Novice: 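To start, I am sharing the structure in question, which I have written as structure tokens.
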Amino acid sequence: MTAATRVLVLNSGSSSVKYQLLDMADGSRPASGVVERIGEEGGAADHAEALRQVARDLDGQGLGLDSPRLAAVGHRVVHGGTRFTGPTLITDEVVEEIEKLVPLAPLHNPANITGIKVARRLRPDLPQVAVFDTAFHATIPEAAARYAIDAATADRYGIRRYGFHGTSHAYVSRATAALLGREPADANVIVLHLGNGASASAVRGGVCVDTSMGLTPLEGLVMGTRSGDVDPAVVFHLERVAGMRTDEIDALLNKRSGLLGLCGANDMREIGRRMGEGDAAARLAFDVYVHRLRRYVGAFTAVLGRVDAIAFTAGVGENSAAVRAAALRDLEGLGIALDPVHNAVRASGARLVSTAASRVAVAVVPTDEEFEIARDTYALASA
Ligand code: AMP
């Protein structure tokens, strides 16, 4: 009999479903793919259709959901609220609880739930596990998780800092400790996840103690299309003075702000090119992005007290030497010294880019959210 050592990871986003099949016995990844443009012309009609497409893709490769080698399905779920603080074996009751969290993540949780329902219908006998983007941040102390607003209102509506990108922060903080030759419990790490979405976290001894995203993924760093931190009064001002509706302001801050709002491009590669041609808007977008990043490096240095490493990850963090250099320039006073030669080298693996004398190690660590989800899923399914 073949051992069931494979985990199918499903990441159902608002308009796409990504999947990856990982074999936990040998670390191989026999299949991966994406079904895009859900609900758009020429794409799958809805998430259920996209999931059936994933099942057909896998069948076509002889790796179908009916394979005896499949041990479990791991589902990325964006919002776990305060109810879910770790990976959870999915039952009918768990699905109902995730449905109750839809108001906290109206774009994401419904897609995640559809993925879960379709996969459970296809393989009702198989363990299926929900891995939450918020879970790694559940350890953040109240002093950092609470907003200073009326406590009764906050409690009634679940308003607090949840944080996101948790699987990435968990994976990268652990991998950074390993790069330093330390146990996670012996390393304090600031993780800078800089992709199209971006967030920072402060991890003390393997435990997350602060993060830049909040009730939703809008707070914190400047992102591709999201503003990150703004004075909340901007919203009232736009309502009163510009006559904008709440949903219009929501779209402005989430979809037409950040790098895109500042200079018309959300891709750091294009911004780099345009800066090279002397484009002032691109330069300003870069400067605002980097300034915000430095603020969080400073803030999280104070939160941690002792920092052993700063880790850059995701599309921008892994690839943009210019962002890394600008973010950490002239921070020798904080014990941070980037090595310009190491930083400029293009490489794919986890590596150190600080000088030998730097008290704080600076690392570039490729993130691997699928691996983290598969690892959590397999641990729970084989327990
Ligand atoms: P992610 O969300 O992690 O896939 O990151 C996507 C973003 O990474 C893109 O929007 C780009 O801004 C950025 N990116 C990818 N490759 C590079 C690169 N070579 N240099 C700078 N930025 C990059």
Side-chain angles (χ1 to χ4, degrees), residues 9 11-20 32-34 36 76 78 107-108 133 136 163-173 175-176 191-201 211-213 216-218 220-228 254-277 279 281-290 292-293 311-328 338 340 342-351 353 362-373:
V9 173
N11 181 353
S12 306
S14 50
S15 68
S16 71
V17 176
K18 286 188 222 147
Y19 67 94
Q20 217 175 86
S32 66
V34 58
E36 288 177 305
R76 174 189 181 223
V78 166
L107 283 178
H108 291 99
D133 243 25
F136 184 61
F164 300 88
H165 291 141
T167 53
S168 179
H169 288 286
Y171 175 86
V172 171
S173 57
T176 304
V191 178
L192 303 173
H193 176 109
L194 311 178
N196 202 24
S199 64
S201 68
T211 196
S212 60
M213 283 178 167
T216 77
L218 182 56
L221 300 174
V222 176
M223 316 187 203
T225 66
R226 290 181 219 142
S227 61
N254 275 294
K255 300 193 172 137
R256 291 188 284 119
S257 294
L259 294 170
L260 182 74
L262 284 164
C263 77
N266 66 340
D267 191 313
M268 198 51 87
R269 286 164 290 199
E270 184 179 341
I271 290 170
R273 264 196 305 279
R274 281 173 44 189
M275 273 163 58
E277 297 158 1
D279 184 317
R283 174 86 239 172
L284 179 64
F286 182 89
D287 289 348
V288 173
Y289 184 95
V290 165
R292 186 78 51 84
L293 207 47
F312 286 88
T313 194
V316 176
E318 291 168 32
N319 295 298
S320 176
V323 165
R324 294 193 299 261
L328 302 182
L338 204 65
H342 287 155
N343 184 47
V345 171
R346 293 201 59 84
S348 54
R351 58 200 186 271
V353 294
V362 181
V364 177
V365 179
T367 193
D368 196 344
E369 294 170 89
E370 283 75 17
F371 174 82
E372 190 68 16
I373 294 169

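One-based numbering, in listed order, for ligands and for the atoms of each. Only a predicted model underlies this, so the values are computations on that prediction, with no experimental measurement involved.
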Novice: Only one of Thr313, Asp368, Thr367, Asp133 passes side-chain hydrogen bond (donor to acceptor under 3.5 Å, both in side chains) with Ser168; say which it is.
Specialist: Thr367

Novice: Please check whether Gly315 reaches ligand 1 - meaning an N/O of the residue sits under 3.5 Å from an N/O of the ligand, judged on distance alone.
Specialist: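 Yes; at least one N/O pair falls below 3.5 Å.
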
Novice: Heavy-atom distance under 4.5 Å between the side chains of Asn343 and Phe312, does that happen here?
Specialist: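 The answer is no, as the side chains (C-beta and beyond) never meet within the 4.5 Å cut-off.
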
Novice: In the protein, what heavy atom is nearest to atom 19 (N) of ligand 1, and what distance, to one decimal place, separates them?
Specialist: Asn319 CB, 3.4 Å

Novice: Is it true that the side chains of Ser201 and His165 contain a donor and an acceptor less than 3.5 Å apart?
Specialist: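 Looking only at side-chain atoms, His165 and Ser201 do not form any donor-acceptor pair under 3.5 Å.
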
Novice: Charged N to carboxylate O below 4.0 Å: is that the case for Asp279 and Arg283?
Specialist: no

Novice: Test of understanding: with ring pair (Phe, Tyr, Trp, His ring centres under 6.0 Å), list the residues that count as partners of Phe164, not counting sequence neighbours.
Specialist: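 Per chain and number, Phe164 pairs via ring pair (Phe, Tyr, Trp, His ring centres under 6.0 Å) with His79.
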
Novice: Out of all atoms in ligand 1, which are within 4.0 Å of some heavy atom of Val316? Include the element for each.
Specialist: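 Once the distances to Val316 are compared, the set is 8 (O), 12 (O), 13 (C).
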
Novice: Does atom 4 (O) of ligand 1 have a protein heavy-atom neighbour under 4.0 Å away?
Specialist: no

Novice: Using a 4.5 Å cut-off on heavy atoms from C-beta on, say whether the side chain of Thr225 contacts that of Asn254.
Specialist: no

Novice: Are any of the N or O atoms of Met268 closer than 3.5 Å to those of ligand 1?
Specialist: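 Between Met268 and ligand 1, an N or O pair is found under 3.5 Å apart.
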
Novice: Could you tell me whether some N/O pair between Asn196 and ligand 1 is separated by less than 3.5 angstrom?
Specialist: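 By distance alone, the answer is yes.
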
Novice: Nearest protein heavy-atom contact for atom 15 (C) of ligand 1: which residue, which atom, what distance?
Specialist: Arg269 CZ, 3.5 Å

Novice: Which ligand 1 atoms, with their elements, are less than 4.0 angstrom from a heavy-atom of Gly195?
Specialist: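 In order of numbering, the contacting atoms are 1 (P), 2 (O), 3 (O), 5 (O).
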
Novice: Can you list the atoms of ligand 1 that are under 4.0 Å from a heavy atom of Asp267?
Specialist: 11 (C), 12 (O)

Novice: Going by atom type alone, with no hydrogens or angles, which donor-acceptor pairs under 3.5 Å involve a side-chain atom of residues 255-264 and a protein atom two or more places apart or on another chain?
Specialist:
residue : atom : partner : partner atom : Å
Ser257  : OG   : Leu252  : O            : 2.5

Novice: Suppose I only count heavy atoms of Ala314 and a 4.0 Å limit; which atoms of ligand 1 are within that range?
Specialist: 3 (O)

